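This report concerns only the one structure given below.
Treat the numbers as computed from the prediction; the structure is a model and nothing was measured. So that the names make sense, note that chain A is the first sequence line, chain B the second, and so on, each numbered from 1.
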Amino acid sequence: NAGVTQTPKFQVLKTGQSMTLQCAQDMNHEYMSWYRQDPGMGLRLIHYSVGAGITDQGEVPNGYNVSRSTTEDFPLRLLSAAPSQTSVYFCASSFRQTTTDTQYFGPGTRLTVL
Amino acid sequence: AQSVAQPEDQVNVAEGNPLTVKCTYSVSGNPYLFWYVQYPNRGLQFLLKYITGDNLVKGSYGFEAEFNKSQTSFHLKKPSALVSDSALYFCAVRDPPDKLIFGTGTRLQVFP
């Protein structure tokens, strides 16, 4: 199993550009989520999904969209990038929709918005 | 809302000495608590969790954590630190029904 994969590893955007961060898992996990990691602030939940076709907002959802058309994929879309979205983004998944299960994290995408 | 606090940005310890990384929590209802570790340029890895039962939880790489309800704490411990334990450690708490809330992280530095 590849586990949780994220692409790209690095990305530089200009303010106002849009892009999609890709996340995929091959473990047949129901639950998937996106976090951003910023110095001194730890990990903050952006959006999450408890199954295909179901998504919900986390702590910091503004400026981001998600969809979950398949169990395997959970892309994160930046609609109009802003410098405040410069961060490291992590995707995570777990087997069941309850968050008592172990979360498996991808390697991260480092995004810089100029 | 559920929350966790990690009061130390960094913990320094000599190799071979015991280590403690602190975490306190604030929850309504039963706490579900976790520790994760992040090595440089990597994603987070699960270490251990407390759901119910024994207050001393054993996890990966020789780590353990003690759940203390009266002090609302869930400190991570290891009897003998290794240089390879140097990493960023995160405490997390379940925010029902479907969210996991992380602390700000503590950097552990183990010196030879």
Side-chain angles (χ1 to χ4, degrees), chain A residues 2-7 9-10 21 23-25 27 29-51 54-61 66 68 74 88-110, chain B residues 1-10 21-25 27 29-53 57 59-61 63 65 67 74 87-107:
Chain A
V4 180
T5 58
Q6 291 183 239
T7 56
K9 283 186 168 48
F10 301 95
L21 307 185
C23 173
Q25 52 88 12
M27 298 174 282
H29 283 175
E30 293 282 346
Y31 184 93
M32 296 186 74
S33 55
W34 277 102
Y35 291 87
R36 58 178 289 173
Q37 183 179 21
D38 302 292
M41 304 191 75
L43 275 76
R44 292 181 292 169
L45 181 65
I46 305 172
H47 285 287
Y48 65 98
S49 169
V50 299
I54 306 168
T55 64
D56 208 342
Q57 296 181 351
E59 302 170 84
V60 288
V66 292
R68 185 96 180 270
F74 191 45
V88 181
Y89 291 84
F90 289 100
C91 179
S93 73
S94 65
F95 181 59
R96 294 171 295 184
Q97 64 184 64
T98 172
T99 48
T100 53
D101 280 356
T102 298
Q103 299 290 310
Y104 293 84
F105 283 81
T109 294
R110 186 174 295 273
Chain B
Q2 324 289 59
S3 66
V4 289
Q6 296 182 243
E8 301 156 317
D9 289 337
Q10 180 153 333
V21 182
K22 295 180 180 178
C23 173
T24 58
Y25 65 88
V27 303
N30 294 323
Y32 295 166
L33 297 158
F34 305 79
W35 277 102
Y36 284 81
V37 59
Q38 184 180 33
Y39 297 102
N41 300 312
R42 303 282 296 274
L44 277 70
Q45 297 177 31
F46 171 79
L47 276 180
L48 52 81
K49 65 182 175 184
Y50 172 83
I51 304 299
T52 186
V57 180
S60 307
Y61 313 122
F63 283 93
F67 172 70
F74 188 57
L88 191 55
Y89 290 80
F90 289 96
C91 183
V93 64
R94 181 190 179 210
D95 186 4
D98 295 313
K99 298 178 188 175
L100 195 59
I101 305 300
F102 285 83
T104 53
T106 298
R107 186 165 301 280

Can a donor-acceptor pair be found, under 3.5 Å and without considering hydrogens, that links the side chain of A:Tyr35 to the backbone of B:Phe102?
no
Using side-chain contact (heavy atoms from CB on, under 4.5 Å), reason through A:Asp56 and B:Lys99 one step at a time and then give a plain yes or no. CA-CA 10 Å; A:Asp56 208 342; B:Lys99 298 178 188 175; over 6 Å; no
Value for CG (B:Asp95) from CG (A:Leu45), rounded to nearest 0.5 Å, stands at 9.5 Å
Of all heavy-atom pairs linking A:Gln37 and B:Phe90, the shortest is NE2-CZ, 3.3 Å
Distance col, row A:Asp38:CG vs B:Thr104:OG1, nearest 0.5 angstrom, shows 12.0 Å
Taking CG in B:Asn30 as the centre, count heavy atoms belonging to other residues, nucleotides or ligands within less than 6.0 Å. Is the count above 12? no
Taken in chain and number order and not counting sequence neighbours, the residues that satisfy side-chain hydrogen bond (donor to acceptor under 3.5 Å, both in side chains) with A:Tyr89 are A:Tyr64
Across all chains, not counting sequence neighbours, the side-chain contact (heavy atoms from CB on, under 4.5 Å) partners of A:Thr109 are A:Gln6, A:Pro8, A:Leu21
Honestly, the part of B:Ile51 sitting under 4.5 Å from a heavy atom of chain A is side chain
Return yes when atom CZ of A:Arg44 has more than 12 non-hydrogen atoms of other residues, nucleotides or ligands closer than 6.0 Å, and no otherwise. yes
If one checks every heavy atom of B:Leu88 against chain A at 4.5 Å, the contacting part turns out to be side chain
NZ of A:Lys9 to CG of B:Asn41, rounded to nearest 0.5 Å, is 11.0 Å
In this structure, CG of A:Asp101 is separated from NZ of B:Lys49 (nearest 0.5 Å) by 5.5 Å
d(A:Gln103 CD, B:Phe34 CZ) to nearest 0.5 Å is 7.5 Å
Carefully, step by step, assess B:Gln38 and A:Phe105 under the rule side-chain contact (heavy atoms from CB on, under 4.5 Å).
CA-CA 10 Å; B:Gln38 184 180 33; A:Phe105 283 81; over 6 Å; no
